[in-house]
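These notes concern the structure reproduced below.
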There are 2 protein chains.
Amino acid sequence: MTRPPARPRRADALRNYERLLAAATDAFAEHGPQAPLDDIARAAGVGNATLYRHFPTRQALLEAVFHDHIQRLCHRAEELASAPQSAAALMSWLKDVAAQGSAAHGLAASLMAAMEGPEDSWCRKAVSDAAAALLARAQEAGEIRIDVTVRQLLKLVNAIALATEADPKPEEADRLLDILLNGLRTPSGRRAGA
Amino acid sequence: MTRPPARPRRADALRNYERLLAAATDAFAEHGPQAPLDDIARAAGVGNATLYRHFPTRQALLEAVFHDHIQRLCHRAEELASAPQSAAALMSWLKDVAAQGSAAHGLAASLMAAMEGPEDSWCRKAVSDAAAALLARAQEAGEIRIDVTVRQLLKLVNAIALATEADPKPEEADRLLDILLNGLRTPSGRRAGA
DNA sequence: ACCTGAACACCGTTCAAGT
DNA sequence: ACCTGAACACCGTTCAAGT
């Protein structure tokens, strides 16, 4: 499995790594996921080739920047896995994903890319597994349509996050997500809380 | 209102314009909406600056290439405006949009960009108006949730088209769209055909 | 091992010169 | 008016030289 980026052991390399990550975090937050890599290297006070050494692709840098973010989402999914109402738990988690996705510039694009990319990406696997557990439970309880796959679900949520990323109103994303969630329910399970 | 690109009157200019359009159509179909503009100019047997003269931005070129496509969708909306079942008519049209969007590489991205862009873009106005008529009728009939806006609707459809553009299976897009459409219905209108 | 600046390649945009 | 190739700017990627 494609592992998350290994942190260097040598002191100076580790220092550069951390600086790059901090600079990239700022750059992505301010200029979106397509911020120039050269600018990030310069802001970190590091040669541009050093950036490329640590993070071979832009996607690798994005995943590193959002690593904690993604871990938090996965952790949240584990908590919700034992929540009493399975459908409500899934909905709640999806709202989290969408909210984070449209708040943190680049996260949604990053997740979408991971979902399209190689199946052995740690990022894709982590998020897929987290979502799969919640989805399966809600489907077994008969509350969510059985004909929905994890892949489709995550694609839809990320698509919404992407579509509303630029939007000034956060409630807009909520509205779109509500429509999606409403569509996911089985007719009989429709009355349960959102 | 931002007009669709005016065709040149002079013979040689018109010839170049047509060649560029044909080359761009091919290039977008083969390499997606980000095909290099230089390649398009070269394939058209024209200087790169000539391309830029006729189409100041990539978006302008994309909208020109998809002009007929978009017109056809709008025309289809007009036909459906008098169909007996208002909700079914809307659904049918949305399926058209999604199908075209995921089939013609760049259309979905183009429409999404238009939806984010200036309100006076002819492309945005044409598609918005077409969708608005169908949506309003279905909402007045009480079949579609009243709290959905044209903008949201088109964003969602385009988001789905974008999310499934790379996908080899067209039925995947249909499934996602079904979920969306299901979510759009009012509870009482749910039993009407898809 | 790791770092660096410079070189290279690519592509979009602009411009001076031509018809 | 319109066209053209070349120049320019930008950015990602690679490399030869340094520690």
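Quick note on labels: first sequence line is chain A, next is B, and so on, each numbered from 1. Side chains are part of it too, since the values below use all heavy atoms of this structure and drop only hydrogens, waters and symmetry mates. Treat the numbers as computed from the prediction; the structure is a model and nothing was measured.
Going from atom CD of B:Q59 over to atom P of C:dG12 covers 15 Å, rounded to whole Å. One can place CG of A:L61 at 11 Å from P of D:dG12, the figure rounded to the nearest angstrom. Between the CD1 atom of A:I40 and the C1' atom of D:dG12 there is a distance of 12 Å, rounded to whole Å. Atom P of nucleotide C:dG12 and atom CZ of B:R42 are separated by 11 Å, given to the nearest angstrom. Remark: C1' of D:dT4 and CG of B:L20 are 13 Å apart, rounded to the nearest angstrom. Note: NE2 (B:H31) to C1' (C:dC11) measures 15 Å, nearest angstrom. Between B:L51 atom CG and D:dT4 atom C1' there is a gap of 13 Å when expressed in whole angstrom units. Here the C1' atom of nucleotide C:dC2 and the CZ atom of A:R15 are 12 Å apart, to the nearest Å.
Residue A:Q34 places its CD atom among 12 or fewer non-hydrogen atoms of other residues, nucleotides or ligands, all under 6.0 Å distant. Atom CD of A:E79 is surrounded by more than 12 heavy atoms from other residues, nucleotides or ligands within 6.0 Å.
Of all nucleotides listed (C:dC2, C:dT13, D:dG12), D:dG12 comes nearest to the side chain of A:D38. Listed candidates were D:dG12, C:dT13, D:dC2. Nearest to the side chain of B:R53 is D:dC2. Here the side chain of A:T50 is nearest to one of D:dC2, C:dA6, C:dT4, namely C:dT4. The listed nucleotides are C:dC2, C:dG12, D:dC2; the one nearest the side chain of B:R10 is D:dC2.
Using N1 to N3 plus N6-O4 or O6-N4 for Watson-Crick, or N1-O2 and O6-N3 for G-U wobble, each under 3.5 Å, C:dC3 pairs with nothing. Summarising the base pairing, C:dA17 is matched to no nucleotide, lacking a Watson-Crick or G-U wobble pair whose two defining distances lie under 3.5 Å. C:dG12 is paired with D:dC8 under the Watson-Crick or G-U wobble criterion, all donor-acceptor distances under 3.5 Å.
Between A:E140 and A:R137, none of the side-chain N atoms (NZ, or NE/NH1/NH2) sits under 4.0 Å from a carboxylate O, so this pair counts as no salt bridge. Taking 4.0 Å as the cut-off between side-chain N and carboxylate O, A:K125 and A:D129 count as a salt-bridged pair. Comment: A:R42 engages A:D39 in a salt bridge, judged by a side-chain N to carboxylate O separation of less than 4.0 angstrom.
In this structure a side-chain-to-backbone donor-acceptor pair under 3.5 Å is present from A:Q139 to A:R145.
Nearest-nucleotide mapping onto DNA chain D: of B:R9 and A:Q34, the residue sitting toward the 5' end is B:R9. Each of A:A49 and A:P36 was assigned the nucleotide of DNA chain D with the nearest heavy atom; the assignment lying further toward the 5' end belongs to A:P36.
Applying the 4.0 Å criterion to OP1 and OP2 of C:dC3, one finds that A:N16 has a side-chain N or O inside that range. Contact annotation: B:Y52 side-chain N/O to C:dT14 OP1/OP2 distance is under 4.0 Å. OP1 or OP2 of C:dC2 has not a single side-chain nitrogen or oxygen of A:H54 nearer than 4.0 Å.
Remark: the B:N48 side chain and the D:dT4 base include no donor-acceptor N/O pair separated by less than 3.5 Å. Residue A:D12 places no side-chain atom within donor-acceptor reach of the base of C:dA1, judged by atom type and a 3.5 Å distance cut-off alone.
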